[in-house]
Asker: 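To start, I am sharing the structure in question, which I have written as structure tokens.
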Amino acid sequence: MKIAVCIKQVPEGDAHLKIDADGISIADADLATEINESDQYALEAGLRLVESQGGEVVVVCLGRDRADEAIRRALAMGAERAIHLNDPAFQGGDAAATARALTAAIERENVDLILTGLQSDDAGWAQTGPILAARLGWPSATLIMEIEPEGDTIKVKRELEAGWFQWLRLPLPALLTIQSGISTVRYATLKGIMGAKKKEITKVTPVDIGLAPDEVGAAGRKTRTTRLYVPEKTKGAEIIEGDAATAVATLVEKLQKEAKVL
Amino acid sequence: MAGAIWAVTESGDDGLKSISFEVIACGQALAEALGSPLEAVVMAADGSAAAEALAAKRVEAVRVIEDAALAPYTPDAYTAALVEAIKAEAPSLVLFPHSYQSRDWVPRLAAEVDAGFISDVVAHHIDGDDTVFVRQPYQGKLNSDCVFAGDGINIVSLQSGAYLADDAAAGDGAAEIVKQPVNLAAASRTEVLETFQEVENKVDLSRAEVIVAVGRGIGKQEKLPVVEELAEALGAQLAASRPVCDNEWLPIDRQIGSSGQTVTPKLYIAVGISGAIQHLVGMKNSGTIVAINKDANAPVFSVSDYGIVGDLFDIVPELTNQIREAKGTG
Ligand SMILES: Cc1cc2nc3c(=O)[nH]c(=O)nc-3n(C[C@@H](O)[C@H](O)[C@H](O)COP(=O)(O)OP(=O)(O)OC[C@H]3O[C@@H](n4cnc5c(N)ncnc54)[C@H](O)[C@@H]3O)c2cc1C
Ligand SMILES: Cc1cc2nc3c(=O)[nH]c(=O)nc-3n(C[C@H](O)[C@H](O)[C@H](O)COP(=O)(O)OP(=O)(O)OC[C@H]3O[C@@H](n4cnc5c(N)ncnc54)[C@H](O)[C@@H]3O)c2cc1C
């Protein structure tokens, strides 16, 4: 089975987010990054399928130079090779523009299955996967928690609200968006990290994949982010100050006397 | 704005879902601000009851797309149905709930009709000629303002709870119900095999009076005794955010949130939980909420009554001790 896994590099969950001078993005300098959480699970799912079925995992990432770090990590975890969509023209797109670029890069790979995360932890549009599938004319299913290959079809378990699930069958080729928790994500071993240095990363520009620069990135978008900002606090917690002992003493008193829950 | 605004509602096995009225409420506000007619859209195998409920609201019309292929839900059938309706009627703005179901097919729809799509919106305002939609990227830590960049058809999906179902105003009389014909002869490629609930939850957290919930801030499984002792001192149930269960540090039946349990204890103490919307929907109606987090900007503080900003490994053991003392068990 040949599988493409789309990975996005995002700020680390705990990273301090400083709004850039452009007013719409996060300042880049010294920003700690990681592979988007659900994309790590997508990669894990892809690697497990290849381990049981044979084939290869190709990771596909649209991002700037620094995304190299995320790609190397994916290769160290076990992906065979990578395609890096890296060109200024790719930047600043919306999910549709990003999906258009990813589609063009993946189309020429003849894969059986595409896995993406269910949404990015930064922009969080939750659109890229299904748009990619629609552009290819492939069936798709989202929020997937289990995959059972069956030859020309796959059986998948989709998460619904409030502890409900659904089993579905889809013909291949297909696209799945993977939900966090599908299976424990492996660590990159030292051997994997060393091996990754020799693996192939193909850097592509729009022209390389048959697109005009004005079809992708900011030029190809239909939505525009005009401002990124810290939300005004309208309501919210009474923050209890003081060192641990003092703050806790005040809290306990408030829980007893004000809230009357102790 | 030229064409109509459509509020696409969602129906399940039990009929119209209540989030549908949140979409109507938002649609009414936009229709008034933009001077466009608002139409409700029903998609179901049998939409008559839903149509009647919606016709009582202040809408110009209710469009009913009815076809046996719309139950059970499949992305192919829903996309095909709405592509056909949109091509026939050319609405200018189409609103959806940002539900698990719409996540599955509305991006496909946007691609098929070449629409701009702003998803997971929490508010809107009008700024001159622009309608500005507010989102909460970075897991709710920041806000962003978004506008549409093209003149074509546009799509917006609304975060659940962002608009109030109760704000959906009643109309003067029943609105006209229009059957919207569609041809769904092409088979859906997705075969729905079975819909089921994973396990009967072994722990029913919905009855707990006090809950201590732990998040990824705990760092690793070996540190769990820190919160277990607090739960024990309080006589509380221990619960968790999704990553804690994904990592198998605690069993899945302790997960709170949109894909876990919904709880309303008298007291909910959130430890090392950032407060992503999918967690908040499971606990925000608790009586008193306390958050302990080292990040003063963590969104969890916005739904909490009391907060302590600091390292949980300093605060939680101290809290455990003082609770024990207060209860005379220290
Ligand atoms: C300077 C700047 C300006 C921007 N301006 C805009 C703007 O005007 N309008 C706008 O809509 N957005 C804008 N963005 C954000 C935009 O680039 C999003 O990242 C893009 O829209 C993809 O959406 P998403 O990340 O929310 O993906 P989602 O749809 O949430 O992601 C789902 C999955 O798709 C895959 N995926 C997503 N992105 C990539 C990627 N880059 N490489 C590989 N796989 C990927 C992953 O598997 C991911 O889990 C801007 C970003 C920057 C840095
Ligand atoms: C469709 C869908 C369904 C989902 N369903 C659910 C669900 O049912 N339930 C759920 O919980 N999530 C769910 N999620 C995931 C959700 O979006 C968040 O990713 C998740 O809730 C984050 O968990 P967290 O707060 O524990 O982790 P993080 O967001 O990583 O937050 C950890 C927090 O701990 C704090 N911290 C770290 N170290 C310390 C310390 N030493 N002392 C004090 N504080 C510290 C940090 O400041 C941070 O705020 C769902 C997501 C999607 C897309």
Side-chain angles (χ1 to χ4, degrees), chain A residues 13 17 95-96 99 121-127 130-131 133-135 139-143 155 159-171 180-181 184 221-231 233 235-240 244-245 247-249 251-252 254-256 259 261-262, chain B residues 75-76 100 103-105 107-108 110-112 116-120 137-139 141-150 189-198 201 242 245-246 248 258-260 266-267 287-288 290-291 297 301-302 304-310 314-315 318-319 322-323 326:
Chain A
L17 301 174
D121 294 334
D122 54 359
W125 293 93
Q127 298 183 12
I131 293 180
R135 294 196 72 90
S140 58
T142 55
L143 285 157
K155 226 177 106 176
E159 179 179 300
L160 308 175
E161 271 116 338
W164 286 81
F165 295 88
Q166 195 169 55
W167 279 106
L168 308 168
R169 177 172 290 127
L170 302 165
S180 297
T184 315
R221 72 189 170 193
K222 288 181 180 295
T223 71
R224 192 159 50 84
T225 301
T226 53
R227 192 159 83 98
L228 185 65
Y229 52 101
V230 179
K233 293 212 172 70
K235 52 187 189 305
E238 175 185 338
I239 300 294
I240 300 171
V248 166
L251 174 65
V252 170
K254 284 181 183 286
L255 291 177
Q256 285 173 321
V261 288
L262 280 187
Chain B
D76 283 348
Y100 280 44
R103 284 163 171 275
D104 195 54
W105 71 282
R108 294 192 71 111
E112 302 270 346
F117 180 17
I118 302 182
S119 47
D120 207 7
Y138 298 91
Q139 303 251 45
K141 288 179 204 132
L142 297 175
N143 276 10
S144 70
D145 288 350
C146 296
V147 297
F148 287 108
R189 292 167 291 184
T190 310
E191 190 188 340
V192 179
L193 304 171
E194 185 196 356
T195 303
F196 62 100
Q197 212 164 7
E198 184 80 311
N201 283 324
R242 179 165 192 134
C245 301
D246 283 349
E248 296 174 4
S258 62
S259 47
K266 280 200 311 208
L267 175 62
T288 298
V290 175
N297 291 320
F301 288 118
S302 70
S304 299
D305 299 285
Y306 304 111
I308 298 182
V309 178
D314 295 335
I315 293 153
E318 183 65 38
L319 183 57
Q322 292 202 26
I323 298 275

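A quick note: this is a predicted structure, and the numbers were derived from the prediction, not measured. So you know, we letter chains A, B, ... as the sequences are listed, proteins then strands, and number each from 1.
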Asker: Looking only at atom types and distance, does a side-chain atom of B/Q322 sit under 3.5 Å from a main-chain N or O of A/A245, one as donor and one as acceptor?
Answerer: yes
Asker: Using non-hydrogen atoms and a 4.5 Å limit, figure out which bit of A/A99 sits close to chain B: side chain, backbone, both or neither.
Answerer: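 When you check distances to chain B, no heavy atom of A/A99 falls under 4.5 Å.
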Asker: Side-chain contact test, heavy atoms from C-beta onward, threshold under 4.5 Å: evaluate it for A/I131 versus B/F117 and give yes or no.
Answerer: no
Asker: Determine whether the side chains of B/R108 and A/S140 contain a donor N or O and an acceptor N or O closer than 3.5 Å.
Answerer: yes
Asker: Need one label for B/E194: side chain, backbone, both or neither, based on atoms under 4.5 Å from any heavy atom in chain A.
Answerer: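 Both parts, backbone and side chain.
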Asker: Minimum heavy-atom separation for A/W125 and B/I118, please, with both atom names.
Answerer: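 Shortest heavy-atom contact: CZ3-CA, 3.4 Å.
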Asker: Are any non-hydrogen side-chain atoms of A/V230 and B/L142 less than 4.5 angstrom apart?
Answerer: yes
Asker: Counting only heavy atoms closer than 4.5 Å, note whether B/D305 contacts chain A via side chain, backbone, both or neither.
Answerer: backbone
Asker: Check whether A/T184 gets within reach of chain B through its side chain, its backbone, both or neither, counting any heavy atom under 4.5 Å.
Answerer: side chain
Asker: With a 4.5 angstrom heavy-atom cut-off, is it the side chain or the backbone of B/S258 that approaches chain A, or both, or neither?
Answerer: backbone
Asker: Which heavy atom in A/A126 sits nearest to a heavy atom in B/P107, and how many Å separate them?
Answerer: O-CG, 3.9 Å
Asker: So what's closer than 4.5 Å to chain B heavy atoms on A/L160: side chain, backbone, both or neither?
Answerer: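 A/L160 touches chain B through backbone and side-chain heavy atoms alike.
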Asker: Search all heavy atoms of B/C146 against all heavy atoms of A/T226 and return the closest pair with its distance.
Answerer: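 Minimum heavy-atom separation between B/C146 and A/T226: N-OG1, 4.4 Å.
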Asker: Just checking, is any N or O donor in the side chain of A/T142 or B/D104 under 3.5 Å from an acceptor N or O on the other one?
Answerer: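 Note: A/T142 and B/D104 side chains meet the donor-acceptor criterion.
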Asker: According to side-chain contact (heavy atoms from CB on, under 4.5 Å), who are the partners of A/R221, at least two apart in sequence or on a separate chain?
Answerer: A/D94, A/A218, A/R224
Asker: With only heavy atoms counted, which part of A/A96 is less than 4.5 Å from chain B, the side chain, the backbone, both or neither?
Answerer: neither
Asker: What part of A/L168 gets closer than 4.5 Å to chain B, counting heavy atoms only: side chain, backbone, both or neither?
Answerer: both
Asker: Looking at chain B, which one of A/Q256, A/K254, A/Q127 has the largest number of heavy-atom pairs inside 4.5 Å, strictly under?
Answerer: A/Q127
Asker: Contact part of A/I239 toward chain B, heavy-atom cut-off under 4.5 Å: side chain, backbone, both or neither?
Answerer: both
Asker: Give the minimum heavy-atom separation between A/A162 and B/Q197, together with the two atoms involved.
Answerer: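 It is O-NE2, 4.0 Å.
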Asker: Tell me the closest heavy-atom pair linking B/R189 and A/P171, and the distance in Å.
Answerer: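 Smallest interatomic distance, heavy atoms only, reads O-CD, 3.3 Å.
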Asker: When you compare the side chain of B/Y138 with that of A/D121, does any pair of heavy atoms fall below 4.5 Å?
Answerer: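 When only atoms from C-beta onward are counted, B/Y138 and A/D121 do not touch, as no gap falls below 4.5 Å.
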